[in-house]
Trainee: 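One structure follows; several queries about it will come next.
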Amino acid sequence: QEHLVESGGGSVQTGGSRRLSCTSSRYTFKSGCMAWFRQAPGKEREGVVVKDTDGTTYADSVKGRFTISTDDAGNTLYLQMNNLTPEDTAIYYCAVGGTHLDIPTLGPWCNGMDAWGQGTQVTVSS
């Protein structure tokens, strides 16, 4: 179910930065569970960050380097990624809806999410 559109992916060198954006014609990012997750080649999905009314939870692997935010109108969800490493190479997805859970095999997650996008590729070269 894809009702969100991610953009901003691309290639970057180690130590570089990238900002991903997520928009939707159907959902807003004003409240509820919203998240970014990623999937690297040959690996399972990994929750990157979840933001909801109770706060924000980052995966340990990105803590201090990635920041989730929204625009003032709640129409766009962002993921600012700094100090990128090759281990961050993955397809990045945004998601909305559901309930925030910290799942051992996934990390921070919007469990039962209503929608997610088609993903945007981020490739970090050494």
Trainee: Assess, by modelled atom type and distance only, whether the side chains of T99 and N111 contain a donor and an acceptor separated by less than 3.5 Å.
Mentor: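 Absent: no donor and acceptor within the cut-off.
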Trainee: Nearest 0.5 Å, please: how far is NE2 in H100 from CG in D102?
Mentor: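 Rounded to the nearest 0.5 Å, the CG-NE2 separation comes to 3.5 Å.
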Trainee: To the nearest 0.5 angstrom, please state how far the CZ atom of R18 sits from the CD atom of Q80.
Mentor: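 Between atom CZ of R18 and atom CD of Q80 there are 10.5 Å.
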Trainee: Step by step, work out the side chain to side chain contact (heavy atoms under 4.5 Å, CB included) result for V49 and T56.
Mentor: CA-CA 7 Å; V49 57; T56 303; 3.6 Å; yes
Trainee: Distance-only, no hydrogens or angles: does the T76 side chain make a donor-acceptor pair with backbone N or O of T23 under 3.5 Å?
Mentor: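 Pair absent, no side-chain N/O of T76 close to backbone of T23.
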Trainee: Can a donor-acceptor pair be found, under 3.5 Å and without considering hydrogens, that links the side chain of R19 to the backbone of Y78?
Mentor: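 Looks like no, no N/O pair under 3.5 Å.
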Trainee: With clusters defined by side-chain heavy atoms of hydrophobic residues (ILVMFWY) lying less than 4.5 Å apart, directly or transitively, does V50 cluster with V48?
Mentor: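 Hydrophobic grouping puts V48 apart from V50.
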Trainee: Do you know the tightest heavy-atom contact between Y92 and L79?
Mentor: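 Shortest heavy-atom separation between Y92 and L79 comes out as CD2-CD2, 4.1 Å.
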Trainee: Once you round to the nearest 0.5 Å, how far does CG of N82 lie from CG of D88?
Mentor: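 N82 atom CG to D88 atom CG measures 10.5 Å (nearest 0.5 Å).
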Trainee: So which heavy atom on K43 is nearest to which on Q39, and how close?
Mentor: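 For K43 and Q39, the tightest heavy-atom pair comes out as O-NE2, 3.1 Å.
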Trainee: Measure the OG1-CD distance between T105 and E44 for me, rounded to the nearest 0.5 Å.
Mentor: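 These two atoms lie 8.5 Å from each other.
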Trainee: Which atoms form the tightest heavy-atom contact between S31 and M34, and what is the distance?
Mentor: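 Looking at all heavy atoms of both residues, the closest pair is O-CE, 3.7 Å.
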Trainee: Would E46 and S61 count as a side chain to side chain contact (heavy atoms under 4.5 Å, CB included) here? Give the steps.
Mentor: CA-CA 10 Å; E46 176 190 16; S61 59; 3.0 Å; yes
Trainee: When rounded to the nearest 0.5 angstrom, what distance separates OG in S21 from CG in L77?
Mentor: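 So the gap between those two atoms works out to 8.5 Å.
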Trainee: Write down the atom of A40, the atom of T89, and the distance for their closest heavy-atom approach.
Mentor: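 Looking at all heavy atoms of both residues, the closest pair is CB-O, 3.5 Å.
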Trainee: Mind listing the closest non-hydrogen atom pair of V96 and L4 along with its distance?
Mentor: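 That closest heavy-atom pairing would be N-CD1, 4.0 Å.
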Trainee: Do F37 and W109 have ring centroids that are under 6.0 Å from one another?
Mentor: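 Judged by ring-centre distance (under 6.0 Å), W109 and F37 do meet the cut-off.
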Trainee: Please check if the side chain of R65 supplies one atom and the backbone of N83 the other of a donor-acceptor pair under 3.5 Å.
Mentor: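 Indeed, once roles are kept as given, a pair shorter than 3.5 Å links the two residues.
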Trainee: Find the distance between CG (N75) and OH (Y27) and round it off to the nearest 0.5 Å.
Mentor: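 Nearest 0.5 Å value for the CG-OH distance: 15.0 Å.
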Trainee: So, T14 side chain and S125 main chain: donor-acceptor pair closer than 3.5 Å or not?
Mentor: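 Checked: pair present.
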Trainee: Backbone N or O of Q118 within a donor-acceptor pair of the E6 side chain at under 3.5 Å?
Mentor: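 Indeed, once roles are kept as given, a pair shorter than 3.5 Å links the two residues.
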Trainee: Keeping D52 on the side-chain end and G55 on the backbone end, is there a donor-acceptor pair under 3.5 Å?
Mentor: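 Side chain of D52 to backbone of G55: a pair is present.
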Trainee: Should V122 and L20 be marked as a side chain to side chain contact (heavy atoms under 4.5 Å, CB included) after you check the CA-CA gap, both sets of side-chain angles, and the distance that decides it?
Mentor: CA-CA 9 Å; V122 174; L20 306 182; 4.0 Å; yes
Trainee: Tell me the closest heavy-atom pair linking C110 and A35, and the distance in Å.
Mentor: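 Smallest heavy-atom distance, with atoms named: SG-CB, 3.6 Å.
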